[in-house]
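This one's a predicted model, so the numbers in the text were calculated from it and none came from an experiment.
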Amino acid sequence: MNDLQFLIRENLKKPVSAPLYSIADYIEGKRIVPPNTPFAGKLNLALTPYTREIMDDMGPYSPITEEAIMKSAQSAITFTAENIIAYWMDSNPTDIMYVTATDSLLEKWSTKRLDPLIDSIGMRHKIYSQADLGKGNRRTGDKTFFKQFVGGNLTMASAQSPSNLRSDSVRVLILDEIDGAKQQLNTGEGNWYDVATARTIAWGNRKKILTFSTPTTFENSLILKKYNEGDQRKYFIPCAHCGDFQELEFKQLKPEYKAGVLEDAWYECGKCNNPMFNYHKPVMLSAGRWQATAETSTKNYVSRHISALYSPMMSWAELYQKYLVAQRDPDGMRSFVNLYLGLPFKEKGARPQMEKVIELRGGYRE
């Protein structure tokens with residue numbers, strides 16, 4: 001291949017128009033969801049309409065620079081982050097970093113989620129080394145934890161790999177399951193979150209940082225701290241009967257038993273008290289909207305909370321059954337509150353006063 005042929009080939013791979021305004025519009029119908037998943041086929045955001053705003057706020061046309069999401073399991077937020085990565089790799093190439101809590105989670109995501117994503121949006125041919133034109137150069141740009149493509153690269157790291165966290169400047173930073181990692185690096189460099197976010201400083205108000213996690217305890221949760229720093233948006237949906245917009249709360253979920261066995265669960269409207277059933281959920285979700293419930297502490301910073309009550313993959317009856325099972329286990333409610341309500345767990349009881357502990361201590365010979 002001569003130089004002219006090479007230039008023609010490379011130019012054909014570059015975008016011929018401006019990047020799409022909406023990440024949601026870019027990804028819907030383009031991403032093919034694998035057959036071994038609950039909703040296989042072309043991606044349909046009607047199932048999770050609450051993810052549209054999350055994605056579009058991480059696009060280049062939004063003034064939002066940072067977003068934190070305190071979430072439950074089964075809420076499609078990791079899937080949403082993947083859609084954001086796909087957009088920035090394919091439609092608007094730039095340097096991206098994806099960080100998750102541990103090395104094992106990172107390897108699982110890269111091999112089981114990222115590679116199928118790249119193939120499904122049809123950009124495998126764009127991933128290869130952009131520098132070395134020698135024999136075998138394509139593979140050097142397509143590694144397990146590093147993908148180089150026309151216009152940028154994707155670096156992957158765990159929260160405990162300081163050498164990777166100190167990589168070059170990145171415009172887009174995705175931080176997954178931040179509560180699953182130790183906050184301090186073993187190298188003594190401080191908080192891993194601060195080390196990672198420092199990589200975006202050079203991009204100023206064009207940077208994009210998406211942070212999300214299921215929370216841990218009320219005292220130690222980093223995602224709770226990031227959520228409280230933002231405007232604490234919640235997804236309000238209209239009642240199927242009176243139309244009153246409200247946040248879905250577990251206390252409004254009512255069980256229905258038959259012969260002592262949970263038969264169903266329905267949601268009681270907080271205003272008109274009429275029952276809403278699981279089949280009402282898709283229509284209500286599609287009419288929903290994010291509403292801020294607090295003042296953000298930083299300009300262009302938003303935060304959100306989403307629970308499994310909104311999940312299209314879990315019915316209200318299944319969620320209530322999880323609650324019943326959790327009550328049988330001494331530590332079950334901790335997992336239920338974290339994983340399904342997407343809230344930090346608060347230990348019951350009171351701590352002893354430090355003065356009283358000191359007063360009661362004994363004296364012992366060394």
Side-chain angles (χ1 to χ4, degrees), residues 31 33-34 36-37 54 58 66-90 94-121 123-124 127-129 139-149 152-187 189-200 207-216 221-223 226 338-339:
R31 183 176 183 178
V33 184
N36 60 339
T37 57
I54 295 171
M58 288 290 100
E66 190 167 355
E67 193 167 3
I69 306 173
M70 187 166 65
K71 70 177 188 70
S72 69
Q74 305 296 320
S75 55
I77 301 303
T78 300
F79 191 82
T80 300
E82 293 164 3
N83 296 336
I84 294 168
I85 290 172
Y87 171 87
W88 285 102
M89 289 178 70
D90 186 35
T94 190
D95 291 336
I96 309 162
M97 175 180 277
Y98 170 85
V99 183
T100 192
T102 65
D103 291 333
S104 60
L105 283 175
L106 182 66
E107 184 171 5
K108 182 179 179 181
W109 181 81
S110 176
T111 55
K112 293 189 176 182
R113 302 293 294 264
L114 177 62
D115 281 329
L117 169 65
I118 290 170
D119 293 332
S120 77
I121 62 174
M123 69 165 296
R124 176 65 64 183
I127 299 179
Y128 61 92
S129 174
R139 184 57 191 167
T140 64
D142 187 3
K143 298 179 180 179
T144 303
F145 302 132
F146 180 77
K147 307 291 182 186
Q148 193 170 19
F149 45 87
N153 60 72
L154 170 63
T155 303
M156 291 160 270
S158 80
Q160 296 304 307
S161 55
S163 59
N164 289 335
L165 293 176
R166 292 193 305 269
S167 70
D168 296 333
S169 176
V170 296
R171 181 179 183 181
V172 179
L173 177 63
I174 308 293
L175 300 165
D176 185 0
E177 291 300 339
I178 63 170
D179 272 17
K182 294 180 181 178
Q183 294 192 23
Q184 300 299 317
L185 288 168
N186 296 329
T187 55
E189 295 173 86
N191 189 295
W192 71 266
Y193 182 92
D194 296 335
V195 173
T197 53
R199 303 280 70 79
T200 65
K207 68 183 178 184
K208 296 290 176 178
I209 302 174
L210 176 63
T211 304
F212 57 97
S213 182
T214 50
T216 51
S221 176
L222 178 57
I223 192 62
K226 304 307 296 180
N338 290 164
L339 294 176

Starting at [atom1] of [X], measure out to [atom2] of [Y] and round the result to the nearest 0.5 Å.
X: T211; Y: D176; atom1: OG1; atom2: CG; value: 10.0 Å
X: N153; Y: M89; atom1: CG; atom2: CE; value: 9.5 Å
X: Q74; Y: T214; atom1: CD; atom2: OG1; value: 11.5 Å
X: I118; Y: F149; atom1: CD1; atom2: CZ; value: 8.5 Å
X: F145; Y: L154; atom1: CZ; atom2: CG; value: 11.5 Å
X: R171; Y: K207; atom1: CZ; atom2: NZ; value: 12.5 Å

Between D95 and R199, is a salt bridge (Lys or Arg N to Asp or Glu O under 4.0 Å) present by the stated rule, with each step listed?
-> CA-CA 11 Å; D95 291 336; R199 303 280 70 79; over 6 Å; no
Could you tell me whether the side chain of [X] and the main chain of [Y] form a donor-acceptor pair under 3.5 Å?
X: T102; Y: L105; result: yes
X: W192; Y: A101; result: no
X: T155; Y: F146; result: no
X: T80; Y: A76; result: yes
X: T37; Y: V33; result: no
X: K147; Y: K143; result: yes
X: D142; Y: I127; result: no

Tell me the closest heavy-atom pair linking [X] and [Y], and the distance in Å.
X: V99; Y: S158; value: CG1-C, 3.9 Å
X: T200; Y: I209; value: OG1-CD1, 3.6 Å
X: A86; Y: I121; value: CB-CD1, 3.8 Å

Given side-chain contact (heavy atoms from CB on, under 4.5 Å), test L114 with M156 step by step and report yes or no.
-> CA-CA 11 Å; L114 177 62; M156 291 160 270; 3.6 Å; yes
With sequence neighbours excluded, give me every salt bridge (charged side-chain N to carboxylate O under 4.0 Å, His left out) pair touching residues 67-88.
-> R31-E82, E67-R304, K71-E177, E82-R113
Heavy-atom side-chain proximity of W88 to I84 below 4.5 angstrom = yes
State, with a plain yes or no, whether a side-chain heavy atom of L175 is found less than 4.5 Å away from one of T197.
-> yes
Partner set under side chain to side chain donor-acceptor pair (under 3.5 Å) for T216, not counting sequence neighbours | D179
Tell me, please, which residues at least two apart from F212 pass ring-ring contact (aromatic ring centres under 6.0 Å, His included).
-> none
